[in-house]
Amino acid sequence: MNFVENTLQSLDAGASQIIPIEELKKKLASGKKLIIKFGVDPTSVDLHLGHAVVLSKLKQFQDLGHEIVFLIGDFTARIGDPTGRSKTRPILSEEEIALNAKTYLDQVGRILDPSKITVRYNSEWLDKLSTKELIQLCAKTTLARLTEREDFAKRIAEQQPVSFHELLYPLLQGYDSVALRADVELGGTDQTFNLLMGRYLQEHYAQEPQVVLTMPLLEGLDGVQKMSKSLGNAIGIAEPAEQAYGKLMSISDTLMWRYYSLLLNKTASDIETMQRAVADGKQHPMELKKQMAHAIIAKFWSLQDADTAQQQFEALFQKKDYSAADEIELPKDFANPCWIVDLLKTLNAISSSSEARRLIESGAVKIDEEPVTDFKAEVPLYAGMIIKVGKHKIYKIKNS
């Protein structure tokens with residue numbers, strides 16, 4: 001197997017699709033430095049491990065010496081990507097977009113070499129499109145083609161509104177590839193329609209069309225929905241390592257294999273070997289999950305962070321040494337006794353009262369190891385009090 005075939009096999013590993021794979025082989029064989037595009041709309045302040053799946057594949061291209069163009073969609077963020085949305089996204093202010101973009105660039109350096117990234121903003125060319133040029137762009141596709149995409153078709157079928165500016169989104173994202181003359185564009189499988197639009201438009205602008213490489217979507221902590229900050233099931237790249245480690249340990253044994261595959265690049269053969277060891281009783285799933293969590297923290301944070309996070313987890317959850325728990329200082333005017341739900345909200349242990357009710361009534365909230373099962377309970381506060389929420393959240397009250 002020659003260098004190009006080896007490289008292609010490596011890039012294909014873990015990917016969902018390469019469209020078309022033969023074109024990528026030709027581009028690699030040309031020996032030229034390829035322009036690899038990855039675009040994100042800065043719609044929140046944090047990147048998460050779901051983004052890390054694609055960023056890790058970008059790192060492979062970077063290590064091969066190709067040009068990584070990290071495209072900040074500061075213009076398209078004003079529209080909001082309709083992918084996977086059942087309704088129109090709220091429009092962000094330019095100030096929010098600028099703040100989010102800065103945090104993205106700070107965080108992406110955890111995975112990519114920031115000195116070898118070309119950062120571009122799509123407002124550079126989209127802000128300058130004249131009305132004539134925009135109409136010419138729109139003329140290159142049809143309403144029928146745009147409404148073929150699953151998101152729009154579903155909303156139309158359910159008689160939900162689709163705003164006209166949302167129809168423009170795939171065209172504008174596709175035009176980014178024209179402006180950058182991209183050779184390859186990466187994204188999640190949910191972005192396939194938008195990525196192919198870039199390929200389609202490049203052909204209409206007499207450019208060599210980009211190859212589309214899609215990566216699987218990483219399920220969030222719930223094991224059902226894709227990882228998303230808005231769904232509350234994400235692990236942020238900027239989170240403290242101990243917190244991220246705890247969240248990783250909370251995922252199901254089944255989901256663990258997906259994290260091994262998508263975040264640690266374990267092959268199907270590797271995973272099959274581990275699964276067989278579990279089935280034969282030679283390996284405990286808890287130990288494999290600890291190995292997974294440690295490896296992910298080491299990869300995206302640091303080895304020191306991984307060691308510290310694992311030691312704290314073992315002290316808290318295996319040795320029951322609560323002296324290792326972070327102490328939380330409550331506001332001086334906080335009611336004592338207080339409603340259990342107010343306490344959980346103040347600790348940032350829950351995102352809503354409905355979540356609190358579910359956890360409390362299922363016995364997942366404990367104070368000093370005693371379950372609190374009454375949603376209306378008033379609890380007295382005192383220094384050293386230990387509150388457990390779910391399997392992997394522990395809080396220690398500093399003051400009473």
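Keep in mind that the numbers below use all heavy atoms, side chains included, and drop hydrogens, waters and symmetry copies.
- If you check the side chains of Glu67 and Thr118, you find a donor sitting under 3.5 Å from an acceptor.
- Contact annotation: the side chain of Phe38 never approaches that of Leu112 to less than 4.5 Å [non-hydrogen atoms, C-beta and beyond].
- Listed by first then second residue, pairs satisfying ring-ring contact (aromatic ring centres under 6.0 Å, His included) with a partner in residues 186-237 read Tyr175-Tyr205, Tyr200-His204, not counting sequence neighbours.
- In summary, the side chains of Glu185 and Gln210 do present a donor paired with an acceptor at a separation below 3.5 Å, with no hydrogens or angles considered.
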Working for side-chain hydrogen bond (donor to acceptor under 3.5 Å, both in side chains), residues Ser354 and Ser352: CA-CA 5 Å; Ser354 59; Ser352 65; 3.0 Å; yes
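- Every residue was checked against the salt bridge (charged side-chain N to carboxylate O under 4.0 Å, His left out) condition with Lys57, not counting sequence neighbours, and none meets it.
- Side-chain atoms of Thr192 and Gln17 form no donor-acceptor pair, as typed in the model, at a separation below 3.5 Å.
- Applying the ring-ring contact (aromatic ring centres under 6.0 Å, His included) test to pairs two or more places apart or on separate chains, those with a residue in residues 223-279 are Tyr245-Phe313.
- Legend: salt bridge (charged side-chain N to carboxylate O under 4.0 Å, His left out) pairs involving residues 302-318, not counting sequence neighbours, sorted by first then second residue: Lys290-Glu314.
- No hydrogens or angles considered: nothing links the side chains of Asn265 and Ser56 as a donor-acceptor pair under 3.5 Å.
- Ser250 contributes a side-chain N or O that, together with a main-chain N or O of Lys247, makes up a donor-acceptor pair within less than 3.5 Å.
- With sequence neighbours excluded, the residues forming a salt bridge (charged side-chain N to carboxylate O under 4.0 Å, His left out) with Glu208 are Lys27, listed by chain and number.
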Worked check of side-chain hydrogen bond (donor to acceptor under 3.5 Å, both in side chains) between Gln225 and Asn233: CA-CA 8 Å; Gln225 302 274 12; Asn233 66 355; over 6 Å; no
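- A salt bridge does not link Arg199 to Glu203: none of the charged nitrogens lies less than 4.0 Å from a carboxylate oxygen.
- Counting heavy-atom neighbours within 6.0 Å of Gln304 CD, excluding the residue itself, gives a total of 12 or less.
- For the ring-ring contact (aromatic ring centres under 6.0 Å, His included) condition, the pairs that include at least one residue of residues 339-364, sequence neighbours left out, are Trp339-Phe375.
- Take Thr373 and apply the side chain to side chain donor-acceptor pair (under 3.5 Å) test, not counting sequence neighbours, and it matches no residue.
- Note on residues 264-301: no pairs pass ring-ring contact (aromatic ring centres under 6.0 Å, His included), not counting sequence neighbours.
- There is no side-chain donor-acceptor pair under 3.5 Å between Thr254 and Ser252.
- Residues that satisfy the salt bridge (charged side-chain N to carboxylate O under 4.0 Å, His left out) test with Arg145, not counting sequence neighbours, are absent from this structure.
- Hydrophobic clustering, defined by side-chain heavy atoms of Ile, Leu, Val, Met, Phe, Trp and Tyr closer than 4.5 Å, groups Leu196 together with Ile19, Leu195, Val212.
- Within the 4.5 Å cutoff, the side chain of Ser353 has heavy atoms near those of the Lys345 side chain.
- The salt bridge (charged side-chain N to carboxylate O under 4.0 Å, His left out) search around Lys25 returns Glu5, not counting sequence neighbours.
- Under a 4.5 Å side-chain heavy-atom cut-off, the cluster of Ile, Leu, Val, Met, Phe, Trp and Tyr residues that includes Leu303 has no other member.
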